2 protein chains.
Amino acid sequence: MERELLLLGLLRQGAMHGYQLNDFIERNLAFCTDLKKSTAYVLLDKLQARGWVTMQEARAGNRPHKRVYSLTAAGEDAFQRLLRENLGEFVAAKTGSDIGLAFIDALPKREALRLLNRRRAALAEQLTEFESAPQHQGSYQLLIDHQLNYLRCELEWLSQVIARMQSRRVPLRRGSARA
Amino acid sequence: MERELLLLGLLRQGAMHGYQLNDFIERNLAFCTDLKKSTAYVLLDKLQARGWVTMQEARAGNRPHKRVYSLTAAGEDAFQRLLRENLGEFVAAKTGSDIGLAFIDALPKREALRLLNRRRAALAEQLTEFESAPQHQGSYQLLIDHQLNYLRCELEWLSQVIARMQSRRVPLRRGSARA
DNA sequence: TCTTGAATAGTCAAAATTGACTAAGCGAGA
DNA sequence: TCTCGCTTAGTCAATTTTGACTATTCAAGA
């Protein structure tokens, strides 16, 4: 799911062929996803089958097949849906679960804020639940302490992001702020 | 790898049958691993094949097969090795990568400290690398900011854990601290 | 001109993982 | 005693993921 979102989000910024996609991910996003080349191709096939991307074989010079993928209108819809899903939930410590943050500019500020608030609520609930869980006997203390620390840090960070976003003037599209 | 460590670590505390293992994980460790029942059985088979655990069908009452797994000496060796590997490295934000923390008491304090220090060094290096990476253009700022926050929180937590562990008297086995 | 290595673009068999399914024993209440 | 639901214990076909492999083009240096 996060992987679909990632591919759609990248293609959204312009058509790309497989190599470019994979190369970009490897260079810039390896820290937050473990999507592999071969997995990416499988996913791209699946996205095509769903009509979310189209592919055409481009023959530049006399190179062999070079597959250029681009987002369809349906793909854009799917992207919008997946992005909202992703931003509105919180999944603890799973590689790739934060991919949505990369594409948050795709949303109107008001909605982004609403989703981040929902995410924060989900996170806060997980934290509360975890804090009030019966202390697992003896062992696992360090693990639990670690998880608590992680959840708390996430919560604080998210709160800061929300605050920052709220206090900043809405950047108006094509136009300067009125005085 | 973390999953093998998890199963070995659990069996180390006593022989268990499959259901108990899965139930325990689901109840107490779901927050830090996504090991599923069916995966666990496959893994248990593999651990058996390697001679790390043995299984015997116990027939309590006239229940059908109930497979009780227990750790072998080779399994204990493997556990010790895997635990050291796990504790001595840092893998960013991957479910289950912290499992070793649950079993840290299996190590002598001195060695636990050495490994945690190595882990901290690895983490610090990742952070430095990340901080000094060329600022990815424009987008992804939030994602990067998030990762930075995460790495910094981890580093601070780990440092605290190490400090705490260092300052505490070594709990002597069977005996009280000398005055 | 020949060679070598990097960039480009995938393919595929094998391995790992999952969700959905089966099935038996057992205790308690109707 | 019947049956209903919980506990116990897995199995397996289908899906997903991976690592290793293949190929072509092009630029630059020998």
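Each chain gets a letter, A, B and so on, in the order the sequences are listed, and its residues count up from 1. In this text the structure is predicted, and so the values were computed from the model without any measurement.
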Of all pairs that satisfy side chain to side chain donor-acceptor pair (under 3.5 Å), the ones with a partner from residues 115-124 of chain A, not counting sequence neighbours: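 Sorted result for residues 115-124 of chain A: A:Asn86-A:Arg119, A:Asn117-A:Arg120, A:Arg120-A:Ser159.
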Got a sec, which pairs hit side chain to side chain donor-acceptor pair (under 3.5 Å) with one end in residues 30-40 of chain A, sequence neighbours left out?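 Non-adjacent pairs meeting side chain to side chain donor-acceptor pair (under 3.5 Å): A:Arg3-A:Asp34.
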With distance as the sole criterion, do the side chain of B:Lys36 and the base of C:dG19 form a donor-acceptor contact below 3.5 Å?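 Answer no: no donor N or O sits under 3.5 Å from an acceptor.
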Just how far, in rounded Å, is [atom2] of [N] from [atom1] of [X]?
X	N	atom1	atom2	value
B:Asp45	D:dA9	CG	P	15 Å
A:Tyr41	D:dC21	OH	P	18 Å
A:Glu26	C:dA9	CD	P	14 Å
B:Lys37	D:dC12	NZ	C1'	13 Å
A:Leu7	D:dT16	CG	P	14 Å
B:Met16	D:dT7	CE	P	16 Å
A:Leu35	C:dG10	CG	C1'	15 Å
A:Glu2	D:dT16	CD	P	14 Å

Nucleotides 12-16 of chain C: which of its N/O atoms have a protein N/O under 3.5 Å away?
unit_1	atom_1	unit_2	atom_2	d
C:dA16	OP1	B:Lys46	NZ	3.4
C:dA16	OP2	B:Lys46	NZ	3.2

In what stems does DNA chain C take part, counting only runs of at least 3 consecutive Watson-Crick or G-U pairs whose two distances fall under 3.5 Å?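 Stems (3+ consecutive pairs) listed as C:1-30 with D:1-30.
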Using a cut-off of less than 4.0 Å, is there contact between a side-chain N or O of B:Arg67 and OP1 or OP2 of D:dT11?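 Checking B:Arg67 against D:dT11: at least one side-chain N or O falls below 4.0 Å of OP1 or OP2.
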Check this one for me: any side-chain N or O of B:His17 less than 4.0 Å away from OP1 or OP2 of D:dT8?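 Result: no.
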Students often mix this up, so state it plainly: with edges at 30° and 60°, are the rings of A:Phe24 and B:Tyr140 parallel, tilted or perpendicular?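 Plane angle between 30° and 60°, so tilted.
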Between the side chain of [X] and the main-chain N/O of [Y], is any donor-acceptor distance below 3.5 Å?
X	Y	answer
B:Gln126	B:Leu123	no
A:Glu2	A:Lys94	no
B:Arg12	B:Leu8	no

Run B:Leu21 and B:Leu44 through side chain to side chain contact (heavy atoms under 4.5 Å, CB included) and show every step you take. CA-CA 10 Å; B:Leu21 275 170; B:Leu44 284 169; 3.9 Å; yes
Could you work out which one of C:dT8, D:dG10, D:dT7 sits closest to the side chain of B:Tyr19?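 Between C:dT8, D:dG10, D:dT7, the one nearest the side chain of B:Tyr19 would be D:dT7.
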Set of residues satisfying salt bridge (Lys or Arg N to Asp or Glu O under 4.0 Å) with respect to A:Glu89, sequence neighbours excluded: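 A:Glu89: no salt bridge (Lys or Arg N to Asp or Glu O under 4.0 Å) contacts found.
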For A:Asp145, give me all partners under side-chain hydrogen bond (donor to acceptor under 3.5 Å, both in side chains), at least two apart in sequence or on another chain.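 Checked A:Asp145 against side-chain hydrogen bond (donor to acceptor under 3.5 Å, both in side chains); matches are B:Trp157, B:Arg164.
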